[in-house]
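These values consider heavy atoms only, across backbone and side chains, with no hydrogens, waters or symmetry-generated copies. Bear in mind the structure is a predicted one, so any value in this text is a computation, not a measurement.
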Amino acid sequence: MSELSDLILLVLLLGIVGSWLKLARGREQATQEARLQCRQHGLQLLDESVGLRGLRLLRQHGQLLLERCYTFEVSIDGNDREPGKLWLIGSSLSGLSLPTIQSHLPGLLTEHVPPPAHDNVVPLRPRLRKDNTLH
C-alpha cells in the first residue's frame with residue numbers, strides 16, 4: 001500500500017511541476033508579445049513584465065481551448081502609467097487592449113467638442129490646476 005501512495009504522490013508532484021513550467025513558459029511568451037506590441041504602437045513597456053490575470057476555456061470550431069489573459073503597464077510619454085492587456089491562446093495573440101494616444105495629445109485639453117444631440121453620455125473634462133497642469 002505504501003508503494004501505491006508514493007507513486008500517486010510522485011505523479012501529483014510531477015503534474016504540479018509540469019503545470020508550473022508550462023505557465024512560466026506562457027508568461028515568457030506573453031512578455032515577448034507585450035514588448036513587440038508596445039514597440040509597434042510606440043509605447044514603453046514598464047517593469048518589463050506581465051502578470052497572469054485569468055484563464056478561461058473557449059470553444060472554437062468544436063474544440064476546447066485555454067485562453068490566458070495577462071496584464072501589464074505601459075507609458076505613452078514616459079510620465080504616465082496606463083494599463084494594457086493581452087490574451088493568448090497557445091502562443092498566438094487572440095486579443096489586445098492598449099491605451100489610446102489621442103487622450104494624451106496636448107491640443108485636446110483646450111478643445112471641447114460638444115456631444116452629439118442623440119448621445120446621452122456627457123464627456124468629462126480633465127481638471128486643471130491653477131498653473132494649467134493636470135491633477
Hey, is CZ on R81 packed in by over 12 heavy atoms from elsewhere, all under 6.0 Å?
yes
Is there a path of hydrophobic side-chain contacts, each under 4.5 Å between heavy atoms of I, L, V, M, F, W or Y residues, that connects L55 with W87?
no
Please check if L36 and F72 belong to a single hydrophobic cluster, counting links between Ile, Leu, Val, Met, Phe, Trp and Tyr side chain heavy atoms closer than 4.5 Å.
no
Is Y70 reachable from I89 through a run of hydrophobic residues whose side-chain heavy atoms are each under 4.5 Å from the next?
no
What closest approach, in Å, do I76 and D80 show between heavy atoms, and which atom pair accounts for it?
N-OD1, 3.0 Å
Worked check of side-chain contact (heavy atoms from CB on, under 4.5 Å) between D77 and Q44
CA-CA 8 Å; D77 59 5; Q44 177 186 2; over 6 Å; no
Can you name the closest pair of heavy atoms from C69 and K85 and give their distance?
SG-CD, 4.2 Å
Side chain of S97, backbone of G84: donor and acceptor closer than 3.5 Å?
no
Check: S49 main-chain N/O paired with R27 side-chain donor or acceptor under 3.5 Å:
no
Considering all heavy atoms of both residues, which atom of L88 and which atom of G26 are nearest to each other, and what is their separation?
CD1-O, 4.3 Å
Begin from the C-alpha positions of H41 and L96 and carry the test side-chain contact (heavy atoms from CB on, under 4.5 Å) through to its verdict.
CA-CA 12 Å; H41 292 90; L96 179 68; 4.1 Å; yes
Go through the side-chain N and O atoms of Q37 and E33 and say whether any donor and acceptor fall under 3.5 Å apart.
yes
Start with the C-alpha distance between L57 and L65, add both sets of side-chain angles, then the distance that settles side-chain contact (heavy atoms from CB on, under 4.5 Å), and finish with yes or no.
CA-CA 6 Å; L57 287 174; L65 302 171; over 6 Å; no
Tell me the closest heavy-atom pair linking P99 and P83, and the distance in Å.
CD-O, 3.6 Å
Stepwise side-chain contact (heavy atoms from CB on, under 4.5 Å) test for L52 and R68:
CA-CA 7 Å; L52 181 64; R68 302 177 318 271; 4.1 Å; yes
Please determine, by modelled atom types, if E67 and S94 share a side-chain donor-acceptor pair under 3.5 angstrom.
yes
Non-hydrogen atoms of L45 and R35 that approach each other most closely:
CD2-CG, 3.7 Å
Starting from L86, can I reach L58 by hopping between I/L/V/M/F/W/Y residues whose side chains sit under 4.5 Å apart?
no
Look up atom CG in L46 and atom SG in C38, then write down how far apart they are to the nearest 0.5 Å.
8.0 Å
